[in-house]
Amino acid sequence: MIPDFLYGTAWKEERTAALTELALRSGFRGIDTANQRRHYFEAGVGQGLAAAYRAGIVSREDLFLQTKFTYQAGQDHRLPYDPAADLSTQVAQSVASSLEHLGTDHLDSYVLHGPASGHGWTAHDSEVWAAMARARDAGRVRVLGVSNVSLRHLQQLVASGAEPPAFVQNRCFARVGWDWEVRQFCAARDIVYQGFSLLTANVDALRHPLVGGIAARHQATLAQVVFRFAQAVGMLPLTGTTDAAHMREDLASRALALAPDEVRAIETIAVAGGR
Ligand SMILES: NC(=O)c1ccc[n+]([C@@H]2O[C@H](COP(=O)([O-])OP(=O)(O)OC[C@H]3O[C@@H](n4cnc5c(N)ncnc54)[C@H](OP(=O)(O)O)[C@@H]3O)[C@@H](O)[C@H]2O)c1
């Protein structure tokens, strides 16, 4: 089952295990990570999961675990695969390493962290995508996703005849209609859009009086309004908060009953704001 909120584990270094366990204690059931030691400590996530299992907070079946394959260009020297191997082998090695880090026999979602080129979907991406599909067919992965993609990437992926992703994970900017074009592409194909940096990428939108007014009306925080808005337009939001109160606050946003006109107003805020 796909949860309605994902807890993101980037940039937590030696706090990764404790924060992963705290997120599970707080009620998160979806965890996002990556086998990219430069920004994530995937083995630490596994330690946090193990601690939560031991404490009886959750069991593996309760969880949605998502991780990623990252090209060498996005990594530092701590690689989860042999850089001399072909890409298909690198994917297989990265999956095996993730399974070991996370102490599981399958991943609920496996995401291509970013295409090889910012300009379009390349032959390298097709090779990696096919290797990811083989991991899925072998039962090591349930569904596949792509991250940091433009509409062009997605159109070219589909035009290549490859199967579309189940998830798209993007940084979501209010100034482009909260990634409107990509979200429309996803909605038309039953692809679930995962939005990250909803707070940090949208400082202007959060300062907008319209959002402040909605927050005051609902006695909610600005962060809660943005997360609830994201869900209301069909997104699966991520938060990587390191704060226990924010974890509770972010999850509690799910109970916020935004009116349809409030949701529409936030969706068009960059236009309405006249910036
Ligand atoms: N695919 C990719 O390339 C990619 C890139 C970036 C991120 N991600 C994923 O997305 C996750 C989330 O990353 P993010 O970029 O959205 O940033 P983030 O790590 O969630 O940081 C958000 C910022 O907002 C603050 N915050 C969170 N909840 C808040 C609240 N209720 N009130 C006030 N402040 C709040 C946090 O501060 P506190 O810690 O003090 O709460 C933090 O400074 C990452 O951990 C990662 O899993 C993926």
Side-chain angles (χ1 to χ4, degrees), residues 3 5-13 15-20 22-24 26-42 44-45 48-49 64-71 73-75 98 101-102 107-116 118 144-150 153-154 165 167-174 178-179 182 192-203 205-207 211-212 215 218-231 235-256:
F5 225 130
L6 294 181
Y7 182 69
T9 60
W11 312 302
K12 297 181 171 59
E13 288 301 322
R15 299 176 71 196
T16 301
L19 286 167
T20 300
L22 181 63
L24 297 173
S26 305
F28 286 94
R29 292 297 175 261
I31 300 289
D32 176 79
T33 186
N35 207 343
Q36 180 205 33
R37 191 59 192 85
R38 181 178 171 191
H39 294 304
Y40 297 78
F41 182 21
E42 197 183 47
V45 174
L49 296 175
F64 173 92
L65 301 181
Q66 171 170 281
T67 189
K68 312 185 190 84
F69 172 79
T70 312
Y71 281 112
Q75 304 266 12
S98 288
H101 286 159
L102 298 173
L107 304 164
D108 297 286
S109 167
Y110 197 57
V111 173
L112 172 57
H113 207 153
L144 305 180
V146 287
S147 183
N148 298 301
V149 286
S150 62
H153 283 124
L154 289 167
F167 293 112
V168 164
Q169 182 184 103
N170 268 3
R171 181 166 278 121
C172 188
F173 291 101
W178 305 87
D179 216 1
V182 170
V192 175
Y193 179 98
Q194 302 180 4
F196 64 85
S197 301
L198 283 159
L199 305 181
T200 49
N202 301 306
V203 176
L206 265 95
R207 279 202 203 111
V211 178
H218 291 273
Q219 294 181 308
T221 65
L222 299 176
Q224 286 181 315
V225 169
V226 168
F227 286 132
R228 185 63 195 133
F229 153 75
Q231 290 174 333
M235 282 188 225
L236 171 53
L238 285 101
T239 177
T241 179
T242 55
D243 181 289
H246 287 166
M247 285 186 190
R248 287 192 296 275
E249 187 182 307
D250 293 355
L251 285 174
S253 69
R254 297 176 296 185
L256 219 61

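Just follow the structure's listing: the first ligand is 1, and inside any ligand the first atom is 1. We count residues from 1, following the sequence as given.
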Query raised in the report: Less than 3.5 Å between some nitrogen or oxygen of Thr9 and one of ligand 1, yes or no?
Result: yes
**Report entry** Heavy-atom proximity to atom 48 (C) of ligand 1, best of Glu249, Gln169, His246
**Finding:** Gln169
Query - Heavy-atom protein neighbour under 4.0 angstrom from atom 24 (O) of ligand 1 - result: yes
Query raised in the report: Which is closest to atom 3 (O) of ligand 1 in terms of heavy atoms, Thr221, Asn148, Leu222?
Result: Asn148
Query raised in the report: Counting N and O atoms only, with roles assigned by atom type, does the side chain of Asn170 sit under 3.5 Å from a partner on the main chain of Tyr193, one being a donor and the other an acceptor?
Result: no
Query raised in the report: For atom 26 (N) of ligand 1, which protein heavy atom lies nearest, and how many Å away is it?
Result: Leu199 CD1, 3.6 Å
Query raised in the report: Would you say Leu198 has any N or O atom under 3.5 Å from an N or O of ligand 1, going by distance alone?
Result: no
Query - Ser150 versus His153, side-chain donor and acceptor atoms under 3.5 Å - result: yes
Query raised in the report: For Tyr40, is the NZ or CZ atom of Arg37 found under 6.0 angstrom from the centre of its six-membered ring and inside 45 degrees of the ring axis?
Result: no
Query raised in the report: Under 4.0 Å from ligand 1, counting heavy atoms only, is it the side chain of Ser197, its backbone, both or neither?
Result: both
Query raised in the report: Does ligand 1 have any atom that is closer than 4.0 Å to a heavy atom of Trp11?
Result: yes
Report summary line: If you compare Leu6, Thr200, Val45, Leu206 by their heavy atoms, the one closest to atom 21 (O) of ligand 1 turns out to be Thr200
Query raised in the report: Looking only at heavy atoms of Arg171, does any of them come nearer than 4.0 Å to an atom of ligand 1?
Result: yes
Query raised in the report: So, for Phe5 and Phe28, is the gap between ring centers shorter than 6.0 Å?
Result: yes
Requested in this report: Flag atom 42 (C) of ligand 1 as yes if some protein heavy-atom distance to it falls below 4.0 Å, otherwise no.
Outcome: no
Query raised in the report: Under 3.5 Å between some N or O of ligand 1 and some N or O of Ala10?
Result: yes
**Report entry** Side-chain donor-acceptor pair present, Asp32, Gln169, cut-off under 3.5 Å
**Finding:** yes
Report task. Say whether, by atom type as modelled, one donor and one acceptor occur between the side chain of Glu42 and the main chain of Thr33 under 3.5 angstrom. Result -> no
Query raised in the report: How long is the gap from CG on Leu199 to CG on Asp250, to the nearest 0.5 Å?
Result: 7.0 Å
Requested in this report: Compute the shortest N/O to N/O distance between Gly8 and ligand 1 and return yes if it is under 3.5 Å, no if not.
Outcome: yes
Query raised in the report: Does ligand 1 have a heavy atom under 4.0 Å from the side chain of Ala223, from its backbone, from both, or from neither?
Result: side chain
